[in-house]
Structures are given as structure tokens and as C-alpha cells.
Peer 1: 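One structure, as C-alpha cells, below. Some questions next.
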Amino acid sequence: MRNLKKWVALFLTIMMAISMVACGAPKDGGNSPVPSSGSSSGDSKDKLIIWTNLTAEAQAKVLQKQFSEVANEMGIEIEMVTVSFNDMYTKLATAVESNSIPDIMHTNFAGAAYLHSQDMIVGLDDVIDSVGRDDFISSYLRVLTVDGTTWGVPDWALHTSVWYRKDLFEAKGLKVPTNWEEFRAVAEALCIDEDNDGKTDIYGFPVPMHAVQVAPQTFYEFLYSADVYTFDPNTGEYVFGKSKEKATEVLDYMIDLYKKVSPPSATEWSWSEYRNALVEGTVAMTLDMGAVIGMAQSNNPDMVDKLGCFDFPGQNGVKPASFGSGYCFVASNQGSDAKVQLTKEFINKLYTSERAAERALSRPMFAFPSLYSALEIYKQDESVTLFQDEIATISDAFENSNWYWYGMENGLSQMSSQIEATTFFGEAIQSVALGMQSSKDAIDYIDQQLQEQLEIIGN
Amino acid sequence: MNNKIAGRLISKLGFWVLVLTAIVLVSFPLLWMALSSLKPSVELFKTPPAFFPRNPSLVWYGKAFTDSTVLRYFINSLIVAVSTMIIDSVFGTMGAYSLTRFKYRGRKLIIAAVLSAYCIPPIMLMTPLYRIIAGLGLNSSYLGVIIGHVCVTFPFCIWILISFFKRVPKEIEEAALMDGASAFKTFYRIVLPLCVPGILSTGIMAFILSWNEYLLSSVLVSSDTMKTLTVGLANYISSTEIDWGTIMALGTATTIPIIILFTAIQKYFVEGLTAGAVKG
Amino acid sequence: MQGRNIKAIDNLRKGSYSKRQLLGILFIAPTVLFLAVFILYPVLYNICLSFTNAKLMKSTTSFVGLENYKKLFTSTVFPKYLWNTVTWTVFSVIGQLLLGFGFALLINRKNMRFGTAFRSFLLIPYVVPAVALALVTKWILNGDYGIASTWLQSLGLIDHRQSLLAMPGTAMTVLIIINIWRSYPFPMLIYWAALKGIDKGLYEAAYVDGAGRFQTFLHITIPYLKEPTIVLAVLRIIWTATYFDLIWMVTGGGPAGSTTHLPIMIYQASFGTFQTGYASAISVILGMLLFICVAFYVKNSVTSED
């Protein structure tokens, strides 16, 4: 019986050792290929794994269709995985940790920044050149460029503007505001009690502050309009700490708007709530990336031709910069050279003018294609015929003014993904809106958190 | 005498009022979800909302089921939950039997380990577990998620099962051994049948826990076709446009089958759990 | 034959090694293996990480001693989140035990018409997927179109177009209520079983002695329920304190951090700022706090073996 005990103990030890080795090996091995279902490196067809963050059905369908077309042309297999935005950093981080990132990732600029900082992607200048560098809207390329190398091929970009009810402006005899004072006055005039029961039926302007991404998005549009940045756009130096006084002023203005012209539950509003509110006619203006049009077309078509957009005004008139971002394709550097070549070829084939336009049109007025030639096709599409003026406003902003995504004022920076994946902006801003903290304390907290992030990413 | 009758009446009335309140409280969220799913857009976004849909329509269901991914998620969840249930019950039963009936060195340590394993926040397991599972190349198979679910359910199941086995008197086994049955036969023929209700209800609990699990599934599944229902549904909340009608339709469509399934088997669940209650 | 089995029985009583032991060891082997690979290893790994500056990104990891713990205990938000965890856990557990007990009394009534159907009905919340519940909660409490919000607004209890989920005081309350809603069935069944197990003779004897309903309830029913209550409390405290999904899907920890509990804080630290080391430190602390809660229970459970 003693023997038996020893035998069992030995068996367990061996089993444990084997499993430990099995777990440890790929990590130490480093260059192990992407583990995926049925991807044997033998004589079977090449297979590319592609992740996209576009979970919206219309967009995912177009992507799936185009990917399959290109895969057929090239005689390869693909697997497209949609990764919801909420899980994106969880998934990316765990994938990076275990060296199992996809071959191609279709993600926003912050996601690209994260993968770049992890040294997981290859430069794609050769793809851009082969598509035709001149055809790309240059500001799109600038965002994805670090030290002369472009790390992603921009697919489309989005720009924040104020979307508003043209009919209400007309009825109230209002003009497009040109500075913050005027904007507040317009928003106040648009708080309307239709049935005179003492309750506001239409609010002038919601200030959405959902802690996940929405709060920083709203706040940064205000910050940029008042010339406040995380990093200096020219030198890349961290400057938020130096402009705390200004930032406090900006926050005060934003909270003042919240208290005067926004529905109270907007502290928890995310994209869908404020878009829905404009579509259903319970607010008169919102800060949005144009996605409200797609929503109106499907949920409340009567509203579509009542909507228009203007650029959110600068604090004192002249607007230094505005808020925008976009999506791009990035390619993993984890595979063999042949695999990387294949990946590049695949991305290249996605950039015919027609395909680029079709992808952007799967979310009309939200996504603006990165190629001039695609933009021409885009403008002709019937889903946007009503919005030629708006297209002109937005593409002018893209081409001729500064636009940044939080933390990327000086090109790709992991700071953007740190802001995107965390909620400290939301927490700080909400607590001011709810009267739990002074705006000065909130800005101090944000500054302290930003500096901590800087330390984490080792900038 | 009259007083007594009145008292009884009041007590009876009070009882039924309580029952009715309970019914309303329990059913309201589910009922509201079902009713909302039948309202076309115009009624859904009306303030104040009407209770019953005026022109009930199945438009949201049509939208939800045009692509069959939801059905796929449903099947995935079923596969994962059933596998978790089987693994938990089989190994849990074996483990619990061993821990309650045998004496060997390290046994107390194992019991303590099982009980403390229950205290571990699932979130703590997440990253290392992903690493193990990706390392084994299981991150795009059901097995990866199943392992994850077993991790969070197994300690609980074995804990419950230990208390069931403790209640089976040793004398019965002694009698069987006396009659010349082998150790395994004693377990298989005598002890196991006595514990079936307990094992069944533990298995059902494992199924429910697995069916509901979101955190680990969201990380461990890295393929669209393997997503579980919780992950698939949660994508609808997080996507930039919440389509309330479709969500209510999906919520209803996924809740009803599981309620029916559970109602059909709840007899065994209740029987097992109440056969003598959970004791220390 | 007979003689060998007598020896086996002897062994069963004394618990010494015999051929029978083979079965016991074989049976426990999968459990041990599983615990070692998928639980013990991750936990040890986590504990090690908590003393390093590991990050969920390509970077060099080095030993930093108690730095992470120091950072946690000096953090301004930790006391707040810890308090949220305590509030969430304590009220959820008390609530579900009370509600479960109340319902157990209801279904324990003899000869109730539709009694079985009612009991099955009360079990339904146990299987409603948390995601579905989270979605419908958000919908019912939507500030603009939610039915509960509309009622509360027309009663003047909350502001026009306000939502309970957007106010720091009420968001946690809502979460606790829906958590109670979905978790009372388990305590209900356990209490019901306990109630059924009480010797009817005790009540009869008490009535003969002239005790009233309330008195019998106080002196017979309540003491009888002490043991299941302790077990339930331990089980549910742990389960609730580590439960992440519901809060994450309903409020994500907001508004203004008022519903952020430690599991969400851990999630934020590991997947928001990618500080794996720091996240590990928080989870070690959470695990230890919970372990203290069950330590006495584990001790009793293990020592009562003999």
C-alpha cells in the first residue's frame, strides 16, 4: 500500500509538471505562431484572422462581405471576429499577453496606438504607397504616423459637430452661435415647454457623461475648443498640468450647461441615449459624430430632413482644434515574413475607391472615407443626398483644421487607449455635476491620474 | 365566535394579498420585457409609456432573428452549461465521496483548499487562466470556456456535495461491505442512488451558474461562433446604438426557454436541496 | 471472504490504508489536479504578481515589494470602494435571506391551493439570465422612456426626466434590490427545507403549554433556523462580494464611482490601466477579507470531521 501512495503522488507530480510546462512554453518560446482553430502551418490554405470593433450589424455585414470577396480573389481563408468595444482592451491586452493577436485588426486610432506601443504591428507605408499616397486625405495619415512611419491604413474618420434641429432654430429665429456665450444663449432658448405644464419637454443641449468613453469625449471637445491639450501638439510635451486653471474654467462652463440646458439623467447618458433623444425630439442639439442620421433614418424618418450640423464654436470665436477620430487597418508583426506579406496584400485589395466608399457608407454621415476618390462616390450616394452642406462642413474640418482624439494631439500615443479604457474622467466629471466635488478638485484628480498613466506607459 | 371567523378571514385575506404581491413583484420585470418587445418603435418611445401594446407586432423579433447568430449563441451556452454541469457533478461526486468517506494524509488540507477556493474572486483567475488556456491552444474552443466555468463553479458544487454525502449514514456502507461487496460496488450500488437527488440539484445549480456567467466567457472566447449568450447579448448593450426593441425581443426569447426548461426539472432541484438542507 | 470484509469495515472506521483506499485516492485525484492547475497556480501566480510592477503590456517586470499594497492603502478611492463593497454585500445578503425566509413561510403553508405552482413560480428569478435582467432594469429605469422612472417622476419623487440610475444615492439601492430579486430563491428553498424539518411535536407541546403563535415562532422556529442561516450567510456573502456581472452591466460602477465595488476596481486596474501587479494586490486583499469571513466556518467544518 505504501507503493500505491508513492505511485499516485508521482503521477500527480508528473501531471502537474506537464501542465505547468505546457502553460509556460508558448510564453517563453516567444515566436510561436498565432494559435487558432485549425490553423496548421502545413499545406492547407492560408488563413487570416481579422478582428473588428464594429459590432453594428450594417457595418459588420459590409466588412464580412468585402473580406470574403478579397479572400476569394486571393484564394485564402479568413475568419472575421467582431469584438465589442467594451471588451476591446480586455481582449487586446490578454491577446498581447499571450502572443495571440489577430493577423489584421480593424480598430479605432486608439486601438492602433495601443498595439503600436506593444510593438505588435508593422509599418504600412508600402501599402499606402501602393494604394496611392496622394489619394489619402493627409490629416488621416498624420494621426497614424510616428517618426516617419505610418502604422495603420486609415479606413474612415469621424468628426464631432453639433447636430441640431433646423426647424426649431427657424421657429425661434436663432442663428448658428460663434462662441460659448452665444452657444449657451441658444441652448437656453431651445429649452422648450410645449404644453406649459412647467416641465421642459425639449432640452436645449444634453451634456452626456457616461463614464465609459463618453465623458472624456464630451469634455475633450470643450477642451480643444478652448485651446487646452493633454500633450502639446507640436512638441508632444505633457501640458495638461500647466493648463489646470483653464481646464477648470472649461469644466465649469460644461457643468453650467448641464445644470441649465441638459436633462438631469444625462450624467449616465451614452451615445445611444443622446442620439435617441435628438431623433425622438426630446433635445434640440447634441454633440455627435453624425451617427444620429443613421438612427433617424431607421427609427424616425420624419426627423431626417429637420437635422443639420455646425461646428461647435471656439470659446472666444476662433476654434483652435476639434475632436475626431477614425478607424484603420493594422497588421500583426507576429507571423512569418510571408504571412505579413499576405496580410499587406489583403489590406491593399480592400482599398479600391468603391470598397472604401461602401465601408464608410455602411454608417452614413458618421464615417467619412479616407480616400478623396472614395469621398466623391460617397457624396453621390442617395443616403446622404440631403446632407451635401453637412458633408462640406465636415470634410472642410477634416482637411483644413486641427482635429485630435484625446491624448493623440502629437500623433499616435498609448495615452489615448489609457483614457479610453479607464473611467477616471467620467468619475471626476460626474461627481462635479452631482455636486460631490468642486471642479478644481476634479481637475486636480484628472491631472494626477493622467500623470500616473504617463508613468505606467513609460512615456 | 364571530370574532374568530373574522380573524381567520383577515388572516386568509392577508395571506392571499401577500401571495399576490409576490406574484406581481416577481413577474413585473419579465412581463415588462415581454410587453416592450411587442411594441413597435412609435409606442416604445412614447412618454409616458402605455402598459399594454396597442398594436402588438413581432417586428423586433424579425429583426433579432434575421441573422441566426443569436440561435448560435443559445446553442453555445447550452453546450457549455451542460458540459460544465456534467464535469462538476461527476468529479464533484467523486471528490466529495472521497473526502467524506476515506482517511488519508492531506485530506483536511484538500477540504480547506476547496472551501477557500470558493473565496477567490473570479476576476483574480481571469488573466492567469487566459494565459493557461491560450497556452494550451484552447482559446478558440468550447473547452477553454468550459474550464473557466468549472473553475468558478466547482468549489461551490463540491462544497454542497460534501454536505449531502455526510448525511448518508456510514452504517449502510458497512452493511454492504459486510455482505461482501467491493468498495466500488458499495459506492456505485448503495451510496450513489441515495445521493442522486443531491447530485442532480447540484448539477442544476452548476448549469445555472454557467448559463449566467459573463466575466470569464467574455475573455476566454475569442471566436464569434463560440460566443455564449451572455457575451452575445452584452454586445448589444455596449454597441454604440442600443436598439431597445431588439434587445427586449432577444431578452424575452432567451429567457423563456430557460424558464420552461427549469420549470420542467425544478422538481428534482427542490427535492435534492430540501432533502435535508445544507448543513455545515 | 467474511474475514477480509470485517477488516475493511475496521479500516473504514479507523481510516487506515487498505485496498479500499485506492478508490478514495483515485476519486480525489481529479479534484486535486484541477485545483492545482486551474486554481492554485493562478492564485499563487497572482500573489507573486502583487509584489511586482507587472503590467498587461510589453514591459520589464521587477520586484517592488509592498509598493502595490502601499499604493492601495494610501489611495483616496479605496476606502470608498471598500465601503461600497460592504454596503452591496451586507444589504444584498440580509435582503435575500429575509425575503427568502418570508417566502419560505408563505410556501410552507399546508394545503395551500396552487401551492406547488406558486413555489415553482417563485423560483423563476433564479434562472433569469443576469444579462437579460440588467437590460430590462436599464430599460425600466430609463430617464425618458422607462416605466418606473415615469411613475416616480409623476409622483414627484424624482426630478422630471431623471433616473434612479443616474443618482449616486439611489443607484446602489437599485442594484441591491435587483440582486435580492434574483437571488432570494436559494435561501427560500433552504429555509423551507429547514421549516419542514422542525418536529411538529414541539409546536403541539408548546400550544398545550399555552404558548401563542408568536412565542412558538420565537422560541422554536427561530433557534431551529440558526444553523442554515449561518451557512447561507457565509455562502452568499462570498458569492455577492465577488459578483461582478450585474453591477458591470447595469451601471459599470457609476455614477461618479458610487457603485464601484472591489471586483470592478480590480477590473479597472487590470484592463483599464493595465496594472496587473496592482490589480493582483487588490484581489489578494479582497480574497483575504473573504477568507477571514469564512475562516471560522472552514475551521469548524474541518475539525468536525473527527
Side-chain angles (χ1 to χ4, degrees), chain A residues 5 8-9 19-27 32 35-39 49 51 53-57 60-61 79-88 90-91 93-95 97-100 102 201 212-213 270-273 275-277 279-282 289 291 294-295 298-300 363 366, chain B residues 40-42 44-48 59 63-64 66-67 69-70 104-106 123 126-144 147 214-227 231-247:
Chain A
K5 199 180 150 199
V8 171
S19 41
M20 295 287 173
V21 170
C23 309
K27 180 83 184 160
S32 66
S36 62
S37 56
S39 86
I49 311 264
W51 284 9
N53 293 130
L54 298 182
T55 44
E57 208 183 313
K61 260 188 187 151
E79 183 187 345
M80 180 178 113
V81 181
T82 53
V83 177
S84 127
F85 219 82
N86 265 20
D87 301 337
M88 171 167 129
T90 324
K91 286 232 142 156
T94 38
E97 171 90 357
S98 58
N99 277 322
S100 58
D201 298 303
V212 180
Q213 296 172 14
S270 183
W271 302 287
S272 93
E273 281 84 10
R275 281 173 195 154
N276 206 20
V279 168
E280 299 294 333
T282 55
M289 297 102 169
M295 198 183 219
S298 71
N299 287 7
N300 190 5
R363 197 96 184 263
F366 172 75
Chain B
S41 183
V42 195
L44 205 57
F45 296 112
K46 215 183 79 180
T47 39
V59 55
K63 220 172 156 185
T66 37
D67 59 336
T69 46
V70 179
Y104 39 82
R105 220 181 287 167
I123 196 156
M126 200 152 110
T127 320
L129 208 57
Y130 181 83
R131 192 180 259 190
I132 296 175
I133 284 168
L136 296 170
L138 297 176
N139 56 337
S140 47
S141 75
Y142 290 120
L143 199 55
I147 290 175
Y214 167 75
L215 182 64
L216 289 174
S217 318
S218 72
V219 173
L220 295 178
V221 190
S222 57
S223 150
D224 260 8
T225 50
M226 304 257 169
K227 275 181 188 162
V231 179
L233 269 186
N235 278 356
Y236 280 87
I237 328 184
S238 62
S239 71
T240 48
E241 272 173 26
I242 300 185
D243 192 348
W244 282 113
T246 315
I247 285 175

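In what follows, chains are A, B, ... by sequence order, proteins preceding strands, each numbered from 1.
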Peer 1: N300(A) versus chain B, heavy atoms under 4.5 Å apart: side chain, backbone, both or neither?
Peer 2: neither
Peer 1: Return the set of residues passing side chain to side chain donor-acceptor pair (under 3.5 Å) with N53(A) (not counting sequence neighbours), or none when no residue passes.
Peer 2: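 Only T107(A) meet the side chain to side chain donor-acceptor pair (under 3.5 Å) criterion with N53(A).
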Peer 1: Stepwise, does the side-chain contact (heavy atoms from CB on, under 4.5 Å) test hold for L44(B) with E280(A)?
Peer 2: CA-CA 11 Å; L44(B) 205 57; E280(A) 299 294 333; over 6 Å; no
Peer 1: Roughly how far, to the nearest 0.5 Å, is CZ of F45(B) from CG of N299(A)?
Peer 2: 6.0 Å
Peer 1: For S218(B), is it the side chain, the backbone, both or neither that has a heavy atom under 4.5 Å from a heavy atom of chain A?
Peer 2: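 The answer is both parts of S218(B).
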Peer 1: Can you name the side chain to side chain donor-acceptor pair (under 3.5 Å) partners of T90(A), sequence neighbours left out?
Peer 2: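 Listed in chain order: Y267(C).
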